[in-house]
*Asks:* 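The structure follows.
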Amino acid sequence: EPEVTQTPSHQVTQMGQEVILRCVPISNHLYFYWYRQILGQKVEFLVSFYNNEISEKSEIFDDQFSVERPDGSNFTLKIRSTKLEDSAMYFCASSTFSGNTIYFGEGSWLTVV
Amino acid sequence: SQQGEEDPQALSIQEGENATMNCSYKTSINNLQWYRQNSGRGLVHLILIRSNEREKHSGRLRVTLDTSKKSSSLLITASRAADTASYFCATDLTGNQFYFGTGTSLTVIP
């Protein structure tokens with residue numbers, strides 16, 4: 001069964017460093033998302049992406065964050081200058097259409113020290 | 001806030017019993033999805049129910065939606081130890097942005 005894959009599964013980075021989290025959405029999906037979950041807290045929406053542009057973003061998704069679809073298969077989340085509070089599990093997700101089932105990857109643990 | 005809120009926060013049952021989890025939300029939705037999350041793992045999609053649907057089944061899962069009460073329930077019948085996980089409801093407003101609740105932590109005791 002097709003699945004969303006994410007790399008790395010875990011990354012430790014120093015505060016102030018740039019981080020890129022990578023995702024390969026399900027191949028026939030058109031909508032892509034990033035969510036995050038701080039340890040012990042709820043899953044929070046960051047951004048949705050369609051037709052090579054951001055369709056919606058939350059207040060969390062500030063200027064330090066950016067997303068890109070550099071080729072036909074990858075979808076990346078970049079954090080420009082990481083802060084301690086960016087430590088979280090970051091989930092990539094995709095769906096065929098807006099409002100359809102959203103399928104999540106296994107997540108990338110980001111630890112900022 | 002649009003966020004769904006699940007209750008109870010934690011539920012512990014014996015294997016074979018049924019587990020019922022509830023979700024309440026605040027504003028009108030297009031659809032509602034239920035997910036399962038094992039500790040430290042990704043979110044596994046269980047069921048999507050649209051605002052014009054009242055009930056859906058998938059295997060041992062039964063989901064209801066009452067838009068007048070802005071609530072949904074997830075019933076797991078004949079629970080198994082492998083059902084131990086956190087269960088979340090996610091509600092949308094626009095179709096692109098889903099709001100997750102804090103989840104119900106289910107423990108099924110063998």
Side-chain angles (χ1 to χ4, degrees), chain A residues 1-7 9-10 21 23 25-26 29-51 53-61 67 88-111, chain B residues 1-7 9-10 21 23-53 56 58 61 63 65 67 72 74 85-105:
Chain A
E1 186 175 321
E3 58 182 20
V4 176
T5 57
Q6 291 184 240
T7 55
S9 56
H10 191 191
L21 305 178
C23 169
I26 295 173
H29 286 189
L30 301 176
Y31 287 81
F32 314 118
Y33 314 85
W34 284 100
Y35 283 76
R36 80 171 186 191
Q37 185 179 32
I38 295 171
L39 189 64
Q41 297 187 25
K42 58 179 68 176
V43 176
E44 300 173 293
F45 171 80
L46 293 179
V47 66
S48 60
F49 191 86
Y50 170 71
N51 200 26
E53 61 183 26
I54 290 173
S55 51
E56 290 183 60
K57 60 181 181 179
S58 71
E59 293 175 352
I60 302 168
F61 195 87
V67 289
M89 176 79 102
Y90 288 81
F91 292 107
C92 175
S94 67
S95 64
T96 49
F97 299 106
S98 174
N100 268 17
T101 298
I102 296 182
Y103 294 91
F104 284 80
E106 283 291 316
S108 293
W109 274 109
L110 175 65
T111 303
Chain B
S1 167
Q2 170 64 15
Q3 291 166 339
E5 294 298 334
E6 296 89 347
D7 82 270
Q9 288 189 334
M21 289 157 270
C23 167
S24 59
Y25 55 92
K26 295 182 180 176
T27 63
S28 296
I29 60 171
N30 295 309
N31 63 57
L32 183 148
Q33 306 194 42
W34 281 92
Y35 288 85
R36 184 185 76 225
Q37 184 182 36
N38 289 79
S39 182
R41 303 293 301 276
L43 295 153
V44 176
H45 181 262
L46 298 176
I47 288 185
L48 178 153
I49 186 164
R50 300 197 185 279
S51 60
N52 61 351
E53 296 175 310
K56 282 187 88 167
S58 176
L61 306 180
V63 167
L65 179 64
T67 53
S72 174
L74 169 67
S86 291
Y87 291 82
F88 297 88
C89 68
T91 55
D92 79 316
L93 181 61
T94 66
N96 283 332
Q97 189 172 163
F98 278 82
Y99 295 90
F100 283 77
T102 49
T104 292
S105 176

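Per chain, numbering begins at 1; letters A, B, ... match sequence-line order. The basis for the numbers below is simple: all heavy atoms, side chains too, and nothing from hydrogens, waters or symmetry mates.
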*Asks:* Can you tell which part of B:Leu48 gets under 4.5 Å to a heavy atom of chain A, answering side chain, backbone, both or neither?
*Replies:*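 Side chain only.
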*Asks:* Is it true that B:Glu5 and A:Lys42 make a salt bridge, defined as a side-chain N closer than 4.0 Å to a carboxylate O?
*Replies:*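 Salt bridge flag = yes for A:Lys42 with B:Glu5.
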*Asks:* For chain A, which of B:Thr102, B:Val44, B:Ile47 has the most heavy-atom pairs under 4.5 Å?
*Replies:* B:Thr102
*Asks:* Holding to salt bridge (Lys or Arg N to Asp or Glu O under 4.0 Å), I want the full list of residues that pass it with B:Arg41, two or more places apart in sequence or in another chain.
*Replies:*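 B:Arg41 satisfies salt bridge (Lys or Arg N to Asp or Glu O under 4.0 Å) with A:Glu106 only.
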*Asks:* Once ring-ring contact (aromatic ring centres under 6.0 Å, His included) is applied, do any residues pair with B:Tyr35, and if so which ones, sequence neighbours excluded?
*Replies:*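 Once residues adjacent in sequence are excluded, the partners of B:Tyr35 under the ring-ring contact (aromatic ring centres under 6.0 Å, His included) criterion are A:Phe104, B:His45, B:Phe100.
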*Asks:* Does any backbone or side-chain atom of A:Glu44 lie under 4.5 Å from a heavy atom of chain B? Answer side chain, backbone, both or neither.
*Replies:*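 Contact with chain B is absent: no heavy atom of A:Glu44 under 4.5 Å.
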*Asks:* With only heavy atoms counted, which part of A:Thr101 is less than 4.5 Å from chain B, the side chain, the backbone, both or neither?
*Replies:* both
*Asks:* Please identify which of these residues, A:Tyr31, A:Tyr33, A:Tyr50, meets the side chain to side chain donor-acceptor pair (under 3.5 Å) condition with A:Ser95.
*Replies:* A:Tyr33
*Asks:* Where on A:Tyr35 is there a heavy atom nearer than 4.5 Å to chain B: the side chain, the backbone, both, or neither?
*Replies:* side chain
*Asks:* Looking only at atom types and distance, does a side-chain atom of B:Glu53 sit under 3.5 Å from a main-chain N or O of B:Arg50, one as donor and one as acceptor?
*Replies:* yes
